[in-house]
Amino acid sequence: MTEPEIVVSANPADVSHAAAVRIGADLASAVQARGIAHWITTGGSTPGRIYEHLADEALRGTVPWDRVHLWWSDERWVPPDDILSNALACWDVLLRDVPVPVEQVHVMPIGDALGAGEGPAWVAARYAEALRAADLSLDAAGFPILDVALVGVGSDGHVFSVFPNSATWDDPAWVQAVPRPMHIAPHVERVTLHPGLLSAARRPIVVVHGTAKAAILGEIFGPERDIRRLPAQ
Ligand code: 6PG
């Protein structure tokens, strides 16, 4: 694995803008290279400002949105219109203004599962099927290669919904159900991609801001290497 490029900005607004510019450029180059761009986006508070910049006039026209497929790193076990839903901010902010065809917006089907009385494992299986149907190249570890993966980091060092000492690592399934975390809010079950999809992505982009993340960043870049305890490593 290559060492990451680290970009430090003076304030959260600059961080979000830099991430949006990078994502826009990477999506455009993926379309130029392969005719299509697959973007794994995320939840939490990180993507909102990034979506705003991408939807803004200055960047909106730089991305061929009709060739972009959107996927989610993880989703919370709540109805799609719940404020906690990771996909909701994307519908409300980005997709309101950029023309990604709806059949290329691959939300985790939690709403369908709730309607059908199914659980997180059912959603994980459906999402893995959708990823297989996208017919992506696989990396040496057998994970699909998507173009861009945007992730935030939790104050406990999690990425996606892969929490410290998560069982996700022990199961090679591309998409997995995650029990409700008790140590960190929101305390709801999740469905997450396997972290192998982050390693496989052509451009993983990790965005972190706020003093609440300072301590965990120190650990992530510290001398101890333990990806099970600190998945963001
Ligand atoms: C989730 C996320 C999660 C998030 C980090 C960072 O559903 O909670 O997808 O991995 O990205 O917890 O969250 P913030 O962006 O809110 O700091």
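Quick note: numbers below take in every heavy atom, side chains included, and nothing from hydrogens, waters or symmetry partners. Both ligands and their constituent atoms are indexed starting at 1 by order of listing. FYI, the numbering just counts along the sequence from 1.
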inquiry  = Looking only at the side chains, is there a donor atom on one of Asp74 and Ser161 sitting less than 3.5 Å from an acceptor on the other?
reply    = yes
inquiry  = With a 4.0 Å cut-off on N to O distance, would you call Asp14 and Arg49 a salt bridge?
reply    = no
inquiry  = Can you tell me which portion of Glu75 lies within the under-4.0 Å heavy-atom range of ligand 1? Options are side chain, backbone, both, or neither.
reply    = neither
task = For Ser45, take its heavy atoms, then give the atoms of ligand 1 lying under 4.0 Å from any of them.
result = 14 (P), 15 (O), 16 (O), 17 (O)
ask   = Closest approach of Phe163 and Ile184, non-hydrogen atoms and distance?
value = CE2-CG2, 3.7 Å
inquiry  = Does this structure show an ion pair linking Asp147 with Arg34, if we count only N-O contacts that are shorter than 4.0 Å?
reply    = yes
message = To check your reading of the model: name the closest protein heavy atom to atom 17 (O) of ligand 1, its residue, and the distance in Å.
response = Lys213 NZ, 2.5 Å
Nearest protein heavy atom with distance in Å, relative to atom 5 (C) of ligand 1 = His158 NE2, 3.5 Å
query = Going by heavy atoms in the side chains, are Ile23 and Leu150 under 4.5 Å from each other?
reply = yes
key: Atoms of ligand 1 close to Arg190 [distance to a heavy atom under 4.0 angstrom, numbered from 1]   = 1 (C), 7 (O), 8 (O)
inquiry  = For the aromatic rings, using the six-membered ring if either is Trp, is the centroid distance between Trp71 and Tyr127 under 6.0 Å?
reply    = yes
key: Nearest-contact summary for atom 10 (O) of ligand 1 - protein heavy atom, Å   = Phe160 O, 2.6 Å
inquiry  = Under 3.5 Å, is there a donor on one side chain and an acceptor on the other for Arg229 and Asn165?
reply    = no
request  = Compute both the distance and the angle, then confirm whether Arg126 meets the cation-pi test with Trp122: under 6.0 Å from the six-membered ring centre, within 45 degrees of the axis.
outcome  = yes
message = Closer than 4.0 Å to some heavy atom of Arg76 - which atoms of ligand 1 meet that?
response = 1 (C), 7 (O), 8 (O)
query = What part of Val153, side chain from CB on, backbone N/CA/C/O, both or neither, has a heavy atom under 4.0 Å from ligand 1?
reply = backbone
note = The residue among Val178, Val151, Thr192 that forms side-chain contact (heavy atoms from CB on, under 4.5 Å) with Val162 is Thr192
query = For atom 9 (O) of ligand 1, what is the nearest protein heavy atom, given as residue, atom name and distance?
reply = Asp74 OD1, 2.7 Å
Sub-4.0 Å heavy-atom contact, Thr42 with ligand 1 = yes
Distance filter under 4.0 Å to Asn86 heavy atoms, resulting ligand 1 atoms = 1 (C), 7 (O), 9 (O)
query = Which residue owns the protein heavy atom closest to atom 13 (O) of ligand 1, what's the atom, and how far is it?
reply = Gly44 CA, 4.0 Å
query = Looking at Thr46, which atoms of ligand 1 are within less than 4.0 Å of one of its heavy atoms?
reply = 14 (P), 15 (O), 17 (O)
